[in-house]
Amino acid sequence: MSAALPSSPRVLARVDAGAIAHNLGVLRHWIGGAPGRAPRIWATVKADAYGHGLCHVLPGLAQADGLAVLNLSEALACRAAGWRGPLLVYGGLQDAAEVERLTLDDLHLVISHAAQLDWLRARDLVHTYAPSLWLRFAGDLNLSGFDAAEYAPAHARAQALVALGHARAVHHMNHYAAAEDEQGVAQADAVFRRVIADLPGLVSTSNSAALARHRLHAGATDWVRPGLALYGASPLAGFTGAGLGLRPAMSLHSRLVATRQVPAGTSLGYRGAYVSEGEMRVGMVSCGYADGYPRQAQTGTPVLIDGVRTRVVGRVSMDMMAVDLGPVPHAQPGAEVLLWGPALPVEEVAAAAGTIAADLLTGLTGRVPVAPAVPSQAAASSRARDGANSRNSVVATR
Ligand SMILES: *Cc1c(COP(=O)(O)O)cnc(C)c1O
């Protein structure tokens with residue numbers, strides 16, 4: 001057995017908590033509201049903070065009013081990471097046994113089907129942790145929740161749980177199917193408001209797209225639930241995060257591992273998906289779909305080499321991909337590669353791969369380590385430089 005030397009990561013995601021804090025401020029500004037009456041914000045950190053790593057984003061979320069996650073395990077992880085405030089669990093209870101795990105203060109469960117109410121009712125009453133309940137209206141998304149006919153009866157059953165001490169309070173939640181569209185929420189909101197009109201409780205609506213596109217609607221609720229925009233990605237097609245005043249929190253870095261000069265007519269990569277038109281210099285980047293880079297990325301997908309914009313050529317393979325070094329003729333093995341980040345919008349990469357930013361951000365695999373951004377990294381990554389020797393180089397970390 002030989003002692004392994006610490007080696008630099010092939011691919012590294014850097015996360016800037018300062019960008020998260022900035023974005024939270026931007027979202028508050030969007031929804032406005034009178035002091036003391038502005039909506040509160042459930043900062044959505046499901047899927048390990050959209051792939052950014054909970055521990056890396058929490059320092060940027062000190063001003064959030066609550067955190068929203070998918071399941072109880074994620075809620076427990078938030079507490080373990082030091083979050084003391086309210087926690088909202090979108091998935092509510094997964095099964096009857098989970099009532100035994102409701103040992104968190106200030107826990108809020110989304111209730112989206114009747115069995116979840118049965119499980120709470122069957123719970124041993126000798127307990128101190130009664131969750132608040134948010135009834136989910138099926139709405140126009142219609143994937144889960146109570147429809148218009150089921151809602152009031154479910155609300156009555158939930159209120160009965162409050163009377164018995166099984167729950168603390170009952171509130172209302174809706175999630176729009178088409179908030180990115182100009183006409184995407186008016187109708188859906190009107191239906192929701194009619195259903196809850198005579199029922200007491202706070203109201204939560206509005207993901208990132210609703211905040212970006214329907215600020216008045218969002219501002220008129222008690223709690224909003226942004227996710228994607230907090231990380232600096234645009235929830236609206238045709239915009240980048242920066243175009244909306246947001247700061248991308250993640251940058252994905254790799255390195256050039258080899259360069260080659262190839263003659264005209266050379267086919268590159270699996271199935272010869274790209275054939276060089278003239279003589280050209282190509283570089284190999286040590287990143288592939290097993291890292292979470294999208295395999296669907298086409299020739300032409302943008303990438304920065306030493307801060308200079310160029311393109312992917314041919315098919316992305318499992319561990320590497322080829323890039324055109326035409327615009328960066330002096331790039332050498334070791335050169336810095338930026339796959340997305342403040343200087344290269346993830347939305348552009350997503351579009352070139354036929355998908356959306358959230359898919360890429362949450363899709364990094366366990367093979368990619370995540371580290372905090374280094375100071376001035378954003379500035380560094382946007383300038384052309386001989387990255388291999390830079391103090392801010394990806395590989396300069398231990
Ligand atoms: C994921 C999620 C959100 C956040 O959505 P974004 O589009 O990322 O802002 C809000 N509400 C619910 C119910 C969700 O599942």
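Excluded from the calculations below are hydrogen atoms, water molecules and symmetry mates; all remaining heavy atoms, backbone and side chain alike, are included. We count ligands from 1, going down the list as the structure has it; atoms in each ligand are counted the same way. Worth saying up front: this structure is predicted, and the values here are computed from it rather than measured.
Taking 4.5 Å as the limit, some side-chain heavy atom of Thr299 sits within range of a side-chain heavy atom of Arg311. Lys46 is not listed as a side-chain neighbour of Val89, based on a closest heavy-atom distance of 4.5 Å or more. Put simply, the side chain of Arg123 reaches to within 4.5 Å of the side chain of Leu102, judged on heavy atoms.
In this view, Glu180 and Ala209, Leu236 satisfy the side chain to side chain contact (heavy atoms under 4.5 Å, CB included) rule, not counting sequence neighbours.
The backbone N or O of Ala130 lies less than 3.5 Å from a partner atom in the side chain of Arg168, making a donor-acceptor pair.
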Show the short N or O contacts, below 3.5 Å, that ligand 1 makes with protein N or O atoms; if there are none, say 'none'.
{"residue": "ligand 1", "atom": "7 (O)", "partner": "Asn207", "partner atom": "ND2", "Å": "3.4"}
{"residue": "ligand 1", "atom": "8 (O)", "partner": "Tyr50", "partner atom": "OH", "Å": "2.5"}
{"residue": "ligand 1", "atom": "8 (O)", "partner": "Leu228", "partner atom": "N", "Å": "2.8"}
{"residue": "ligand 1", "atom": "9 (O)", "partner": "Ser208", "partner atom": "N", "Å": "2.8"}
{"residue": "ligand 1", "atom": "9 (O)", "partner": "Ser208", "partner atom": "OG", "Å": "2.5"}
{"residue": "ligand 1", "atom": "9 (O)", "partner": "Gly227", "partner atom": "N", "Å": "2.8"}
{"residue": "ligand 1", "atom": "11 (N)", "partner": "Tyr90", "partner atom": "OH", "Å": "3.4"}
{"residue": "ligand 1", "atom": "11 (N)", "partner": "His175", "partner atom": "ND1", "Å": "3.4"}
{"residue": "ligand 1", "atom": "11 (N)", "partner": "Arg225", "partner atom": "NE", "Å": "3.0"}
{"residue": "ligand 1", "atom": "11 (N)", "partner": "Arg225", "partner atom": "NH2", "Å": "3.4"}
{"residue": "ligand 1", "atom": "15 (O)", "partner": "Lys46", "partner atom": "NZ", "Å": "2.7"}

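Put simply, the residue from His171, His172, His108 that forms a side-chain hydrogen bond (donor to acceptor under 3.5 Å, both in side chains) with Trp134 is His108.
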